[in-house]
Amino acid sequence: MPDKLFNLDDYFKRIDYNGGRPVSAETLKQLHLGHVMNIPFENLDIFARKTISLDLDDLFDKLVLRRRGGYCFEMNSLFAAVLTALGFPVTRHLARVYHGGFDNSGKTHMVLLVEADGQKWVCDVGFGGNSLAAPLLFEEGREQENLGRIHRVMADPEYGYRVEFKTATGFEPIYAFTLENCCPADYLIANFYTSAYPESFFQQAQMCALVTATGKITYFDGSLKIADGETLTETIISGDAAIKDILKSYFGVELS
């Protein structure tokens with residue numbers, strides 16, 4: 001594989017972005033939307049017990065050139081590199097995913113803080129659940145809607161800041177992060193644990209998700225769900241050939 005595969009023009013084609021390159025909140029929003037609507041969140045290599053590399057050219061080869069997807073450490077690492085190359089100030093942070101609480105959750109998620117137009121924005125193109133479609137203004141308590149999804153940031157006395165998602169019954173935390181500096185080795189360790197630990201959630205079932213303009217398409221452990229506005233359809237998928245077919249048809253992912 002040649003050195004220095006990373007190329008902004010190729011990335012822009014991958015996410016179907018045709019805009020300019022000003023360091024602005026609008027550019028940030030369009031890049032974020034383009035990423036989550038064209039590069040799927042998926043754990044297929046993890047489920048296949050393959051090593052997950054965070055080397056930038058490895059990420060570029062997988063997510064852009066081979067048109068695969070990835071999970072948080074892959075997706076947000078690539079997105080951070082793109083934003084940095086464009087001139088956006090970016091910091092990376094480790095987050096705890098909410099599992100009925102934060103006290104039993106390690107720091108196994110990467111989230112980004114990005115500066116644009118004199119403000120800070122939470123960016124996250126690599127969370128498969130109630131994920132952000134677009135950047136979230138880093139302003140406590142402000143409800144923000146993008147593509148029908150409403151999120152907010154709340155201060156947490158123990159865990160720093162919570163990102164919350166609005167459901168029919170109110171806001172629910174999805175993860176919490178602090179502003180402490182992390183070293184590259186911190187992400188390597190978290191990535192290795194999350195991708196290789198036998199009891200990791202990501203080793204238990206195949207999953208793939210893609211944001212759409214009207215909802216989300218999700219495949220999880222034999223179930224394909226398509227959320228389209230207020231309509232949700234579910235189809236049970238069985239057999240390796242059928243699974244490969246829906247991964248290609250709905251997510252553009254081709255498995256060898």
Side-chain angles (χ1 to χ4, degrees), residues 6-39 41 56 59-60 63-64 70 72-95 109-156 159-166 171 173-182 184 187 210-214 216:
F6 181 81
N7 179 284
L8 285 175
D9 289 334
D10 288 342
Y11 174 80
F12 291 158
K13 292 178 184 177
R14 176 72 171 100
I15 67 168
D16 195 25
Y17 177 73
N18 299 305
R21 302 188 182 190
V23 178
S24 68
E26 182 59 26
T27 300
L28 181 62
K29 178 180 179 180
Q30 294 306 319
L31 291 172
H32 200 290
L33 284 167
H35 191 117
V36 299
M37 296 177 74
N38 289 280
I39 305 182
F41 171 90
L56 181 56
L59 294 175
F60 196 85
L63 275 63
V64 178
C72 69
F73 292 106
E74 298 171 288
M75 300 274 265
N76 284 325
S77 291
L78 177 62
F79 195 58
V82 168
L83 296 178
T84 299
L86 289 170
F88 287 89
V90 181
T91 56
R92 311 178 192 203
H93 304 278
L94 283 169
H109 182 63
M110 177 191 285
V111 63
L112 309 176
L113 278 182
V114 183
E115 293 183 28
D117 292 351
Q119 296 175 301
K120 288 189 176 182
W121 304 80
V122 180
C123 291
D124 187 353
V125 296
F127 192 80
N130 295 318
S131 56
L132 302 180
L136 186 66
L137 186 61
F138 190 48
E139 181 179 309
E140 185 180 351
R142 180 170 177 172
E143 297 184 19
Q144 301 168 64
E145 180 177 356
N146 285 288
L147 299 186
R149 302 157 177 260
I150 299 176
H151 292 83
R152 69 181 183 185
V153 177
M154 297 297 290
D156 188 291
Y159 300 105
Y161 296 93
R162 302 189 306 272
V163 174
E164 301 182 339
F165 175 76
K166 192 173 187 178
F171 280 93
I174 53 176
Y175 51 75
F177 66 96
T178 65
L179 302 183
E180 67 177 315
N181 291 326
C182 293
Y187 298 106
L210 197 63
V211 173
T212 69
T214 56
K216 195 169 189 177

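One is the number of the first residue; the rest follow in order along the sequence. Worth saying up front: this structure is predicted, and the values here are computed from it rather than measured.
Phe60 has its side chain out of reach of Arg14: every pair of non-hydrogen atoms, C-beta onward, lies at least 4.5 Å apart. Counting heavy atoms from C-beta on, the side chains of Val82 and Phe6 come closer than 4.5 Å. You'll find the side chain of Leu113 reaches within 4.5 Å of the side chain of Val122, heavy atoms only. Within the 4.5 Å cutoff, the side chain of Arg21 has no heavy atoms near those of the Thr27 side chain. Contact of the Val211 side chain with the Arg149 side chain is registered, since non-hydrogen atoms from C-beta on lie closer than 4.5 Å.
Taking the side-chain hydrogen bond (donor to acceptor under 3.5 Å, both in side chains) definition, one finds that Asn18 meets it with nothing, sequence neighbours left out. A search for salt bridge (Lys or Arg N to Asp or Glu O under 4.0 Å) contacts involving Arg152 returns Glu164, not counting sequence neighbours. Residues satisfying the salt bridge (Lys or Arg N to Asp or Glu O under 4.0 Å) criterion with Lys166, sequence neighbours excluded, are Glu143. Residues that satisfy the side-chain hydrogen bond (donor to acceptor under 3.5 Å, both in side chains) test with Tyr161, not counting sequence neighbours, are absent from this structure.
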Could you pull out every donor-acceptor pair under 3.5 Å between side chains of residues 126-142 and any protein atom, sequence neighbours left out?
residue : atom : partner : partner atom : Å
Ser131  : OG   : Phe127  : O            : 3.3
Ser131  : OG   : Lys216  : NZ           : 3.3

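Of the candidates Val163, Val153, Asp156, Leu94, Val163 is the only one forming a side-chain contact (heavy atoms from CB on, under 4.5 Å) with Phe177. Residue His109 forms a ring pair (Phe, Tyr, Trp, His ring centres under 6.0 Å) with just one option from Tyr187, Tyr175, Phe73, and that option is Tyr175.
Pairs of residues two or more places apart, or lying in two chains, that qualify as side-chain hydrogen bond (donor to acceptor under 3.5 Å, both in side chains) and include a residue from residues 74-84 are Lys62-Glu74, Asn76-Asp124.
Nearest heavy atom pair, residue Met37 against residue Leu147, reads SD-CD1, 4.3 Å. Of all non-hydrogen atoms in Val90 and Ala80, the two that sit nearest each other are CG1-CB, 4.0 Å. Minimum heavy-atom separation, Leu31 to Leu86: CD1-CD1, 3.6 Å. A pairwise comparison of heavy atoms in Ala81 and Leu56 identifies CB-CD1, 3.7 Å as the closest pair. Smallest separation of non-hydrogen atoms from Ile39 and Leu210: C-CD1, 3.8 Å. Between Cys123 and Val111, the shortest heavy-atom distance links the atoms O-CG2, 3.7 Å.
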Report the C-alpha distance between His93 and Thr178 in whole Å, list the side-chain angles of each, state the deciding distance to 0.1 Å, and finish with yes or no for side chain to side chain contact (heavy atoms under 4.5 Å, CB included).
CA-CA 7 Å; His93 304 278; Thr178 65; over 6 Å; no
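Taking CG of Leu28 as the start and CG of Asp117 as the end, the distance is 9.0 Å to the nearest 0.5 Å. Atom CD1 of residue Ile15 and atom NE2 of residue His32 lie 11.0 Å apart, to the nearest 0.5 angstrom.
Judged purely by atom type and a 3.5 angstrom limit, Trp121 uses its side chain to pair as donor or acceptor with the backbone of Ala116. A donor-acceptor pair under 3.5 Å is formed between the side chain of Asn7 and the backbone N or O of Asp9.
Ring geometry for Phe79 against His35 counts as perpendicular: the plane angle is over 60°, on a 0 to 90° scale with 30° as the lower cut.
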